[in-house]
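The next block holds one structure in the form of structure tokens; read it before the comments.
Treat the numbers as computed from the prediction; the structure is a model and nothing was measured. Just so you know, these numbers use all the heavy atoms, side chains as well, and skip hydrogens, waters and symmetry mates.
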Amino acid sequence: MKYEVMFKIMTRLLQKRKVTAKEIAEKYDVSIRSVYRYVEELIVCGVPIDVSRGRYGGLSVADTFRLPAGYFTREEFAATISALDAMASQITDENLLSAREKLESKQKSEIRELSVCGNIIVDGGTWGGGKKFTEKMRVCEQAVNQSKSLLIDYISRGGEHSKRVIDPYVLIFKQNVWYIYAFCHTKQSFRTFKIGRIKSAAFTGAEFKKKDFTRDDIDLNFNYSDKQLTEVTLEIEKNSLADAEEWLGIDNIEPLGNKFIATITLPDDESLVNKILSYGGTVRVAEPAYLREKVKQAARRIAEAD
């Protein structure tokens with residue numbers, strides 16, 4: 001009984017994405033206390049269920065969560081549908097018909113792979129973990145296209161963990177990184193969020209009306225002030241050219257003798273120093289002098305570390 005209810009809770013969440021503990025308790029004839037206990041066990045098993053209170057409260061599972069692809073093979077799914085058809089033809093049971101419809105609608109809703117602008121496949125995730133990123137992109141793309149609000153679990157560069165409701169307007173691809181430009185209900189202003197820093201995203205069920213905007217309305221410097229941007233000239237050795245081209249863009253790199261030179265404006269923060277150091281000395285700062293010194297000091301700290 002226990003595991004049967006746990007499975008039903010999980011499938012209910014996958015179907016509706018958000019329910020209340022009271023709704024689950026009444027539907028499966030268990031106590032609310034038992035519902036929370038079963039949910040805790042599902043979380044331990046790896047199902048990312050969020051338990052929250054307030055306006056968007058309840059039990060929810062992120063729209064980016066899917067059962068493993070091996071949960072049903074194509075052949076197993078077809079066999080299940082056929083078996084339900086055969087049983088339904090002999091037994092008049094609304095539950096059988098309902099189960100068949102749910103399975104079939106679930107297949108239709110999830111058969112579509114991510115495709116931005118109709119024919120571009122995006123995989124911005126890490127090696128071996130691209131499907132998680134693809135699911136986030138799929139949800140973000142749908143939210144943008146259909147003007148649907150999202151509840152996101154976001155982790156900032158400083159490690160700050162927050163949950164925000166956002167109204168997504170457009171996807172942005174810059175320097176090989178995907179962002180989403182959205183109105184943030186928490187800050188009551190437009191913000192640009194890095195999709196790779198969104199831990200999970202779920203539809204709130206609300207829709208919004210987009211305000212008129214143009215490309216010029218979007219700060220493509222992502223809130224970096226002029227003081228936080230600096231023009232950098234880098235010397236690049238040939239064996240790091242391919243990686244540097246992916247980072248800086250081919251158009252910004254020119255040959256100079258046996259080396260290559262790139263002059264480009266970049267955010268002047270600690271990540272810039274770390275990025276330059278990651279090339280192991282094959283990318284060096286020619287200008288400005290203060291940045292070259294920062295890289296040298298960082299390299300010394302690494303060399304002197306125990």
Response to the item:
Those residues at least two apart in sequence (or on a different chain) that pass ring-ring contact (aromatic ring centres under 6.0 Å, His included) with Tyr169 are Phe190, Phe208, Phe213

Would you check if [X] and [Y] make a side-chain contact, meaning some heavy-atom pair closer than 4.5 Å?
{"X": "Val295", "Y": "Leu277", "answer": "yes"}
{"X": "Pro267", "Y": "Leu272", "answer": "no"}
{"X": "Leu248", "Y": "Leu234", "answer": "yes"}

Worksheet, complete the sentence: Scanning both residues in full, the closest heavy-atom pair of Ile172 with Ile218 reads CD1-CG2, 3.9 Å

Item to complete: Write down the atom of Ala25, the atom of Ser31, and the distance for their closest heavy-atom approach.
Response: CB-C, 4.1 Å

Report yes or no: does [X] contribute a side-chain atom to a donor-acceptor pair with the main-chain N or O of [Y] at less than 3.5 Å?
{"X": "Lys148", "Y": "Val139", "result": "no"}
{"X": "Lys18", "Y": "Val61", "result": "no"}
{"X": "Tyr154", "Y": "Lys194", "result": "yes"}

Please name all residues satisfying side chain to side chain contact (heavy atoms under 4.5 Å, CB included) with [X], sequence neighbours left out, ordered by chain then number.
{"X": "Glu160", "value": "Ser156"}
{"X": "Ile43", "value": "Val39, Ile49"}
{"X": "Lys187", "value": "Arg164, Cys184, Ser189, Arg191"}

Practice prompt. Kindly determine whether Thr192 and Ile180 satisfy side chain to side chain contact (heavy atoms under 4.5 Å, CB included), including the steps that lead there.
Written response: CA-CA 6 Å; Thr192 304; Ile180 189 165; over 6 Å; no

Worksheet item: Is the shortest distance from a Lys or Arg side-chain nitrogen in Arg138 or Glu135 to a carboxylate oxygen in the other one below 4.0 Å?
Response: yes

Practice prompt. Report the C-alpha distance between Val35 and Val30 in whole Å, list the side-chain angles of each, state the deciding distance to 0.1 Å, and finish with yes or no for side chain to side chain contact (heavy atoms under 4.5 Å, CB included).
Written response: CA-CA 7 Å; Val35 171; Val30 294; 3.8 Å; yes

With rounding to the nearest 0.5 angstrom, report the [atom1] to [atom2] distance, [X] to [Y].
{"X": "Leu151", "Y": "Ile166", "atom1": "CG", "atom2": "CD1", "value": "9.0 Å"}
{"X": "Ile236", "Y": "Glu245", "atom1": "CD1", "atom2": "CD", "value": "8.0 Å"}
{"X": "Glu141", "Y": "Lys136", "atom1": "CD", "atom2": "NZ", "value": "15.5 Å"}
{"X": "Asn145", "Y": "Leu171", "atom1": "CG", "atom2": "CG", "value": "8.0 Å"}
{"X": "Ile195", "Y": "Tyr179", "atom1": "CD1", "atom2": "OH", "value": "10.0 Å"}
{"X": "Ser34", "Y": "Ile24", "atom1": "OG", "atom2": "CD1", "value": "12.5 Å"}

Show the atom names and distances, to 0.1 Å, of all donor-acceptor pairs under 3.5 Å that link a side chain in residues 257-265 to residues at least two apart or in another chain.
residue, atom, partner, partner atom, Å
Thr263, OG1, Thr233, OG1, 3.3

Run the side-chain donor-acceptor check on residues 282-292: report pairs under 3.5 Å with partners two or more places apart or on a different chain.
residue, atom, partner, partner atom, Å
Thr282, OG1, Ser240, OG, 2.5
Thr282, OG1, Tyr279, O, 2.7
Arg284, NH1, Glu237, OE2, 3.0
Arg284, NH1, Gly281, O, 2.7
Arg284, NH2, Glu237, OE2, 3.3
Tyr290, OH, Thr230, OG1, 3.4
Tyr290, OH, Asp268, OD2, 2.5
Arg292, NH1, Ala286, O, 2.6

Worksheet, complete the sentence: With sequence neighbours left out, the residues meeting side chain to side chain donor-acceptor pair (under 3.5 Å) with Lys238 are none

Response to the item:
Residues passing the side chain to side chain donor-acceptor pair (under 3.5 Å) test with Asp167, sequence neighbours excluded, are Ser149, His185

Worksheet entry | Contacts of Arg300 that satisfy salt bridge (charged side-chain N to carboxylate O under 4.0 Å, His left out) - sequence neighbours left out | Glu293

Practice prompt. Using the side chain to side chain contact (heavy atoms under 4.5 Å, CB included) rule, take Val19 and Leu13 through it: C-alpha gap first, then chi angles, then the decisive distance, then the call.
Written response: CA-CA 7 Å; Val19 295; Leu13 280 168; 3.8 Å; yes

Worksheet item: Does Phe173 share a hydrophobic cluster with Ile250, counting links as ILVMFWY side-chain heavy atoms below 4.5 Å and allowing steps through other members?
Response: no

Discussion item. Within a 6.0 Å radius of atom NZ on Lys210, are there more than 12 heavy atoms belonging to other residues, nucleotides or ligands?
Written reply: yes

Worksheet item: Apart from Ile155 itself, what residues make up its hydrophobic cluster, given side-chain heavy atom links below 4.5 Å?
Response: none

Item to complete: Check step by step if side chain to side chain contact (heavy atoms under 4.5 Å, CB included) holds for Thr186 and Val165.
Response: CA-CA 7 Å; Thr186 302; Val165 175; over 6 Å; no

